[in-house]
Amino acid sequence: MHDETPIAEVTSTVSAWFARSSRDLPWRSPQTTAWGVLVSEIMLQQTPASRVVTPWQAWMARWPSPADLAAAGTDDVLRAWDRLGYPRRALRLQQAARAIVDHHGGDVPDNEDALRALPGIGSYTAAAVRAFAFGRRSLVLDVNIRRVLARLDGGVEHPARSETAQERRRAWQWVPDGDRDAATWSAAAMELGATVCTARSPRCPACPVATHCTWLALGRPAWDGPERVAQPWDGTDRQCRGRIMAALRASTATVALADIVWADDDQRRRCAASLVDDGLAEPAATGLRLPGSA
(Lines give C-alpha, C1' and ligand atoms only; values in the text may rest on other atoms or scores of the structure.)
Protein backbone atom coordinates (compact mmCIF):
# COMPACT_ATOMS: atom_id res chain seq x y z
CA MET A 1 0.00 0.00 0.00
CA HIS A 2 1.11 3.57 -0.54
CA ASP A 3 0.75 4.64 3.08
CA GLU A 4 1.06 3.16 6.55
CA THR A 5 -2.65 2.51 7.07
CA PRO A 6 -3.10 -0.86 8.77
CA ILE A 7 -4.73 -3.55 6.68
CA ALA A 8 -7.18 -4.11 9.53
CA GLU A 9 -8.50 -0.56 9.17
CA VAL A 10 -9.11 -0.98 5.46
CA THR A 11 -10.83 -4.35 5.80
CA SER A 12 -13.00 -2.95 8.57
CA THR A 13 -13.95 0.08 6.46
CA VAL A 14 -14.86 -2.06 3.45
CA SER A 15 -16.90 -4.39 5.66
CA ALA A 16 -18.80 -1.46 7.17
CA TRP A 17 -19.48 -0.13 3.66
CA PHE A 18 -20.79 -3.55 2.67
CA ALA A 19 -23.23 -3.54 5.60
CA ARG A 20 -24.67 -0.23 4.30
CA SER A 21 -24.44 -0.65 0.55
CA SER A 22 -24.58 -4.29 -0.48
CA ARG A 23 -27.11 -5.48 -3.05
CA ASP A 24 -30.12 -7.38 -1.78
CA LEU A 25 -29.35 -10.73 -3.40
CA PRO A 26 -31.54 -13.66 -2.32
CA TRP A 27 -28.72 -16.10 -1.62
CA ARG A 28 -27.38 -13.64 0.98
CA SER A 29 -30.45 -14.09 3.15
CA PRO A 30 -29.73 -15.57 6.59
CA GLN A 31 -32.34 -18.21 5.78
CA THR A 32 -30.43 -19.49 2.76
CA THR A 33 -29.10 -23.00 3.27
CA ALA A 34 -25.59 -24.15 2.48
CA TRP A 35 -27.08 -25.90 -0.54
CA GLY A 36 -28.59 -22.60 -1.71
CA VAL A 37 -25.18 -20.93 -1.42
CA LEU A 38 -23.54 -23.74 -3.38
CA VAL A 39 -26.15 -23.46 -6.14
CA SER A 40 -25.63 -19.69 -6.32
CA GLU A 41 -21.86 -20.05 -6.60
CA ILE A 42 -22.16 -22.50 -9.49
CA MET A 43 -24.68 -20.28 -11.27
CA LEU A 44 -22.57 -17.17 -10.74
CA GLN A 45 -19.53 -18.62 -12.48
CA GLN A 46 -18.98 -16.38 -15.54
CA THR A 47 -22.53 -15.05 -15.18
CA PRO A 48 -23.60 -11.65 -13.74
CA ALA A 49 -25.67 -11.70 -10.56
CA SER A 50 -28.53 -9.86 -12.27
CA ARG A 51 -29.03 -12.83 -14.61
CA VAL A 52 -28.87 -15.38 -11.81
CA VAL A 53 -31.51 -14.08 -9.38
CA THR A 54 -34.63 -15.41 -11.12
CA PRO A 55 -33.16 -18.81 -12.17
CA TRP A 56 -31.75 -19.32 -8.67
CA GLN A 57 -35.11 -18.63 -7.05
CA ALA A 58 -36.88 -21.01 -9.45
CA TRP A 59 -34.22 -23.67 -8.95
CA MET A 60 -34.39 -23.52 -5.16
CA ALA A 61 -38.18 -23.67 -5.20
CA ARG A 62 -38.03 -26.81 -7.33
CA TRP A 63 -35.00 -28.54 -5.79
CA PRO A 64 -34.51 -27.12 -2.28
CA SER A 65 -32.06 -29.83 -1.21
CA PRO A 66 -29.30 -31.93 -2.76
CA ALA A 67 -31.54 -35.00 -2.52
CA ASP A 68 -34.22 -33.27 -4.61
CA LEU A 69 -31.79 -32.45 -7.41
CA ALA A 70 -30.10 -35.85 -7.21
CA ALA A 71 -33.44 -37.54 -7.95
CA ALA A 72 -34.39 -35.24 -10.83
CA GLY A 73 -34.29 -36.18 -14.49
CA THR A 74 -31.25 -34.85 -16.32
CA ASP A 75 -33.46 -33.48 -19.09
CA ASP A 76 -35.45 -31.49 -16.51
CA VAL A 77 -32.22 -30.16 -15.00
CA LEU A 78 -30.93 -28.96 -18.37
CA ARG A 79 -34.27 -27.35 -19.22
CA ALA A 80 -34.30 -25.54 -15.89
CA TRP A 81 -30.77 -24.25 -16.52
CA ASP A 82 -32.33 -22.47 -19.48
CA ARG A 83 -30.12 -19.65 -20.88
CA LEU A 84 -27.60 -19.31 -18.05
CA GLY A 85 -24.90 -20.60 -20.39
CA TYR A 86 -22.15 -23.17 -19.91
CA PRO A 87 -24.74 -25.93 -19.28
CA ARG A 88 -22.09 -28.40 -18.17
CA ARG A 89 -22.38 -26.55 -14.88
CA ALA A 90 -25.89 -27.97 -14.50
CA LEU A 91 -24.62 -31.51 -15.01
CA ARG A 92 -21.80 -31.00 -12.51
CA LEU A 93 -24.21 -29.53 -10.00
CA GLN A 94 -26.45 -32.60 -10.23
CA GLN A 95 -23.40 -34.85 -9.94
CA ALA A 96 -22.33 -32.88 -6.85
CA ALA A 97 -25.82 -33.27 -5.38
CA ARG A 98 -25.63 -37.04 -5.84
CA ALA A 99 -22.18 -37.15 -4.22
CA ILE A 100 -23.49 -35.10 -1.28
CA VAL A 101 -26.34 -37.59 -0.84
CA ASP A 102 -24.11 -40.64 -1.24
CA HIS A 103 -21.14 -39.52 0.87
CA HIS A 104 -22.37 -36.76 3.21
CA GLY A 105 -25.86 -37.81 4.23
CA GLY A 106 -27.46 -35.15 2.05
CA ASP A 107 -25.74 -32.23 3.82
CA VAL A 108 -23.25 -29.92 2.11
CA PRO A 109 -19.88 -30.48 3.84
CA ASP A 110 -18.12 -27.53 5.47
CA ASN A 111 -14.63 -28.93 4.95
CA GLU A 112 -12.73 -27.47 1.98
CA ASP A 113 -11.12 -30.77 1.04
CA ALA A 114 -14.51 -32.50 1.06
CA LEU A 115 -16.00 -29.68 -0.99
CA ARG A 116 -13.19 -29.82 -3.56
CA ALA A 117 -13.79 -33.56 -3.92
CA LEU A 118 -17.31 -32.89 -5.23
CA PRO A 119 -17.75 -32.88 -9.03
CA GLY A 120 -17.31 -29.43 -10.55
CA ILE A 121 -16.10 -27.80 -7.31
CA GLY A 122 -12.72 -26.08 -7.51
CA SER A 123 -10.67 -24.22 -4.94
CA TYR A 124 -12.55 -20.92 -5.37
CA THR A 125 -16.03 -22.46 -5.01
CA ALA A 126 -14.97 -24.54 -2.02
CA ALA A 127 -13.57 -21.46 -0.26
CA ALA A 128 -16.65 -19.38 -1.14
CA VAL A 129 -19.06 -21.99 0.23
CA ARG A 130 -17.02 -22.30 3.40
CA ALA A 131 -17.13 -18.52 3.86
CA PHE A 132 -20.65 -17.65 2.72
CA ALA A 133 -22.53 -20.78 3.82
CA PHE A 134 -20.70 -21.55 7.05
CA GLY A 135 -19.13 -18.21 8.00
CA ARG A 136 -15.65 -19.70 8.15
CA ARG A 137 -12.25 -18.21 7.38
CA SER A 138 -11.00 -19.08 3.92
CA LEU A 139 -9.22 -17.50 0.97
CA VAL A 140 -11.93 -16.42 -1.47
CA LEU A 141 -10.32 -15.12 -4.65
CA ASP A 142 -12.71 -14.39 -7.48
CA VAL A 143 -11.96 -11.95 -10.29
CA ASN A 144 -13.50 -9.06 -8.34
CA ILE A 145 -11.42 -9.57 -5.19
CA ARG A 146 -8.30 -10.11 -7.27
CA ARG A 147 -8.91 -6.79 -9.04
CA VAL A 148 -9.56 -4.91 -5.78
CA LEU A 149 -6.31 -6.18 -4.27
CA ALA A 150 -4.35 -5.57 -7.48
CA ARG A 151 -5.35 -1.91 -7.37
CA LEU A 152 -5.47 -1.32 -3.64
CA ASP A 153 -2.25 -3.09 -2.75
CA GLY A 154 -0.44 -3.73 -6.03
CA GLY A 155 -0.93 -0.40 -7.79
CA VAL A 156 -1.93 -2.00 -11.11
CA GLU A 157 -5.20 -1.82 -13.00
CA HIS A 158 -5.73 -5.56 -13.39
CA PRO A 159 -4.43 -8.74 -11.78
CA ALA A 160 -2.45 -11.25 -13.80
CA ARG A 161 -4.48 -13.48 -16.09
CA SER A 162 -3.78 -16.52 -13.94
CA GLU A 163 -3.72 -16.63 -10.16
CA THR A 164 -0.19 -16.94 -8.76
CA ALA A 165 1.24 -18.27 -5.53
CA GLN A 166 2.56 -14.80 -4.70
CA GLU A 167 -0.91 -13.34 -5.23
CA ARG A 168 -2.42 -15.91 -2.86
CA ARG A 169 0.18 -15.17 -0.20
CA ARG A 170 -0.60 -11.45 -0.43
CA ALA A 171 -4.35 -12.07 -0.37
CA TRP A 172 -4.07 -14.15 2.80
CA GLN A 173 -2.54 -11.10 4.53
CA TRP A 174 -5.84 -9.29 3.93
CA VAL A 175 -8.05 -11.99 5.44
CA PRO A 176 -8.95 -11.14 9.05
CA ASP A 177 -8.13 -13.75 11.67
CA GLY A 178 -11.63 -14.42 13.02
CA ASP A 179 -14.12 -16.53 11.10
CA ARG A 180 -16.92 -13.97 11.07
CA ASP A 181 -14.71 -11.02 10.11
CA ALA A 182 -12.96 -13.08 7.44
CA ALA A 183 -16.22 -14.20 5.83
CA THR A 184 -17.56 -10.64 5.89
CA TRP A 185 -14.39 -9.28 4.30
CA SER A 186 -14.63 -11.82 1.47
CA ALA A 187 -18.21 -10.84 0.71
CA ALA A 188 -17.45 -7.12 1.05
CA ALA A 189 -14.35 -7.12 -1.15
CA MET A 190 -16.23 -9.09 -3.80
CA GLU A 191 -19.10 -6.60 -3.71
CA LEU A 192 -16.69 -3.68 -3.95
CA GLY A 193 -15.14 -5.15 -7.08
CA ALA A 194 -18.50 -5.98 -8.64
CA THR A 195 -20.15 -2.61 -8.08
CA VAL A 196 -17.48 0.07 -7.54
CA CYS A 197 -13.98 -1.14 -8.44
CA THR A 198 -15.18 -2.51 -11.76
CA ALA A 199 -12.97 -3.65 -14.62
CA ARG A 200 -13.81 -1.00 -17.20
CA SER A 201 -15.30 2.00 -15.40
CA PRO A 202 -14.22 2.09 -11.75
CA ARG A 203 -16.13 4.62 -9.65
CA CYS A 204 -13.21 5.77 -7.53
CA PRO A 205 -15.08 8.73 -5.93
CA ALA A 206 -17.58 6.23 -4.51
CA CYS A 207 -14.93 3.89 -3.10
CA PRO A 208 -14.87 3.79 0.73
CA VAL A 209 -11.08 3.22 0.75
CA ALA A 210 -10.03 5.43 -2.16
CA THR A 211 -7.60 7.34 0.06
CA HIS A 212 -5.68 4.10 0.65
CA CYS A 213 -5.60 2.87 -2.94
CA THR A 214 -2.12 2.56 -4.42
CA TRP A 215 -3.37 2.53 -8.01
CA LEU A 216 -5.36 5.73 -7.48
CA ALA A 217 -2.44 7.42 -5.71
CA LEU A 218 -0.24 6.62 -8.71
CA GLY A 219 -2.71 8.37 -11.02
CA ARG A 220 -4.53 5.24 -12.22
CA PRO A 221 -1.77 4.09 -14.60
CA ALA A 222 -3.07 2.27 -17.65
CA TRP A 223 -2.66 -1.48 -17.85
CA ASP A 224 0.60 -2.42 -19.59
CA GLY A 225 0.19 -6.19 -19.47
CA PRO A 226 -1.25 -8.52 -22.13
CA GLU A 227 -4.16 -7.00 -24.03
CA ARG A 228 -7.55 -8.07 -22.74
CA VAL A 229 -9.66 -8.90 -25.76
CA ALA A 230 -13.36 -9.61 -25.41
CA GLN A 231 -14.31 -13.06 -26.64
CA PRO A 232 -16.33 -13.04 -29.87
CA TRP A 233 -19.77 -14.61 -29.98
CA ASP A 234 -21.33 -14.41 -33.45
CA GLY A 235 -20.58 -17.48 -35.50
CA THR A 236 -18.59 -19.25 -32.79
CA ASP A 237 -18.97 -22.85 -31.65
CA ARG A 238 -20.33 -21.49 -28.38
CA GLN A 239 -23.15 -19.76 -30.20
CA CYS A 240 -23.83 -22.84 -32.32
CA ARG A 241 -23.89 -25.13 -29.27
CA GLY A 242 -26.22 -22.68 -27.55
CA ARG A 243 -28.55 -22.72 -30.55
CA ILE A 244 -28.70 -26.52 -30.48
CA MET A 245 -29.25 -26.64 -26.72
CA ALA A 246 -32.06 -24.09 -26.97
CA ALA A 247 -33.80 -26.28 -29.54
CA LEU A 248 -33.40 -29.38 -27.36
CA ARG A 249 -34.73 -27.62 -24.26
CA ALA A 250 -37.76 -26.36 -26.18
CA SER A 251 -38.76 -29.83 -27.36
CA THR A 252 -39.93 -32.93 -25.53
CA ALA A 253 -39.14 -35.03 -28.60
CA THR A 254 -36.12 -35.75 -30.77
CA VAL A 255 -34.87 -32.74 -32.71
CA ALA A 256 -33.50 -33.20 -36.22
CA LEU A 257 -30.24 -31.35 -36.80
CA ALA A 258 -31.53 -30.07 -40.11
CA ASP A 259 -34.33 -28.28 -38.26
CA ILE A 260 -31.85 -26.20 -36.24
CA VAL A 261 -31.14 -23.04 -38.19
CA TRP A 262 -27.38 -22.60 -38.70
CA ALA A 263 -25.52 -21.55 -41.82
CA ASP A 264 -22.56 -23.92 -41.56
CA ASP A 265 -23.62 -27.57 -41.74
CA ASP A 266 -20.19 -28.91 -40.79
CA GLN A 267 -20.00 -26.67 -37.75
CA ARG A 268 -23.51 -27.67 -36.71
CA ARG A 269 -22.60 -31.38 -36.91
CA ARG A 270 -19.33 -30.82 -35.07
CA CYS A 271 -21.02 -28.89 -32.27
CA ALA A 272 -23.76 -31.51 -32.00
CA ALA A 273 -21.11 -34.19 -31.59
CA SER A 274 -19.34 -32.14 -28.92
CA LEU A 275 -22.59 -31.82 -26.95
CA VAL A 276 -22.98 -35.60 -27.04
CA ASP A 277 -19.38 -36.00 -25.85
CA ASP A 278 -20.07 -33.60 -22.97
CA GLY A 279 -23.16 -35.52 -21.88
CA LEU A 280 -25.46 -32.61 -22.73
CA ALA A 281 -27.26 -34.43 -25.52
CA GLU A 282 -27.71 -37.96 -26.73
CA PRO A 283 -28.15 -39.27 -30.26
CA ALA A 284 -31.52 -40.61 -31.39
CA ALA A 285 -32.64 -42.28 -34.59
CA THR A 286 -33.60 -39.00 -36.24
CA GLY A 287 -31.42 -36.46 -34.46
CA LEU A 288 -30.66 -35.42 -30.88
CA ARG A 289 -32.51 -35.26 -27.57
CA LEU A 290 -31.73 -34.23 -24.02
CA PRO A 291 -30.25 -36.99 -21.82
CA GLY A 292 -33.01 -38.88 -20.04
CA SER A 293 -35.75 -37.75 -22.41
CA ALA A 294 -38.39 -40.38 -23.02
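Everything quoted here is computed from the prediction, not taken from an experiment. Computed over heavy atoms, backbone and side chain alike; hydrogens, waters and symmetry mates excluded.
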Quiz item: Step by step, would you call R220 with E157 a salt bridge (charged side-chain N to carboxylate O under 4.0 Å, His left out)?
Solution: CA-CA 7 Å; R220 295 181 27 158; E157 186 177 13; over 6 Å; no
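- Without hydrogens or angle criteria, R151 side chain to W215 main chain gives no donor-acceptor distance under 3.5 Å.
- Using a 3.5 Å distance cut-off with no hydrogens or angles, the side chains of Q31 and S29 do pair a donor with an acceptor.
- The pair D75-R79 counts as a salt bridge, with a side-chain nitrogen and a carboxylate oxygen less than 4.0 angstrom apart.
- When all heavy atoms of T214 and D153 are compared, the closest pair comes out as OG1-O, 4.1 Å.
- Counting heavy atoms of neighbouring residues, nucleotides and ligands inside a 6.0 Å radius, atom CZ of R88 does not exceed 12 of them.
- L38 places a side-chain heavy atom less than 4.5 Å from the side chain of T125.
- The 12-atom threshold is exceeded at CG of D265, counting heavy atoms of other residues, nucleotides or ligands nearer than 6.0 Å.
- A donor-acceptor pair under 3.5 Å is formed between the side chain of R89 and the backbone N or O of L84.
- Between R23 and R28 the shortest heavy-atom distance is O-NH1, 3.1 Å.
- Ring planes of W174 and W185: parallel class, angle under 30° (limits at 30 and 60°).
- Shortest non-hydrogen contact noted between V148 and C197 is CG2-CB, 4.0 Å.
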Practice problem: In sequence, state the C-alpha distance, the side-chain angles, and the governing distance for R137 and W172, and then conclude on side chain to side chain contact (heavy atoms under 4.5 Å, CB included). | Solution: CA-CA 10 Å; R137 187 175 189 265; W172 267 120; 3.3 Å; yes
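- A distance of 5.0 Å separates CD1 of I100 from CG of L118, quoted to the nearest 0.5 Å.
- We find the CD1-OG distance between I145 and S186 to be 5.0 Å, quoted to the nearest 0.5 Å.
- Residues A188 and S15 come closest through the heavy atom pair CB-CA, 3.9 Å.
- Nearest heavy atoms, L78 versus P291: CD1-CD, 3.7 Å.
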Exercise. Give the intermediate values and the outcome of side chain to side chain contact (heavy atoms under 4.5 Å, CB included) for residues Q239 and D234.
Key: CA-CA 7 Å; Q239 186 185 31; D234 290 343; 3.8 Å; yes
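- Using modelled atom types, one finds no donor on one side chain facing an acceptor on the other under 3.5 Å when comparing S274 with D277.
- Y124 and E41 share a donor-acceptor pair across their side chains, judged by distance under 3.5 Å alone.
- Counting only heavy atoms from C-beta outward, the side chains of T198 and R203 never approach each other to under 4.5 Å.
- Minimum heavy-atom separation, C213 to L152: CA-CD1, 3.7 Å.
- Side-chain contact between W59 and V77: present, with at least one pair of heavy atoms (C-beta onward) separated by less than 4.5 Å.
- Taking 4.5 Å as the limit, some side-chain heavy atom of V53 sits within range of a side-chain heavy atom of W27.
- Residues I244 and C240 form a side-chain contact, since some pair of their non-hydrogen atoms from C-beta on lies under 4.5 Å apart.
- The 12-atom threshold is not exceeded at CZ of R83, counting heavy atoms of other residues, nucleotides or ligands nearer than 6.0 Å.
- Crowding of R180 atom CZ: a count of heavy atoms from other residues, nucleotides or ligands under 6.0 Å not exceeding 12.
- The closest donor-acceptor contact from the side chain of R130 to the backbone of D110 lies under 3.5 Å.
- Of the possible polar contacts, one joining the Q94 side chain to the A72 backbone as a donor-acceptor pair under 3.5 Å is found.
- In this structure, Q45 and Y86 have side chains that are not in contact, with every pair of non-hydrogen atoms separated by 4.5 Å or more.
- Put simply, the side chain of R116 never gets that close to the backbone of A126: no donor and acceptor are under 3.5 Å apart.
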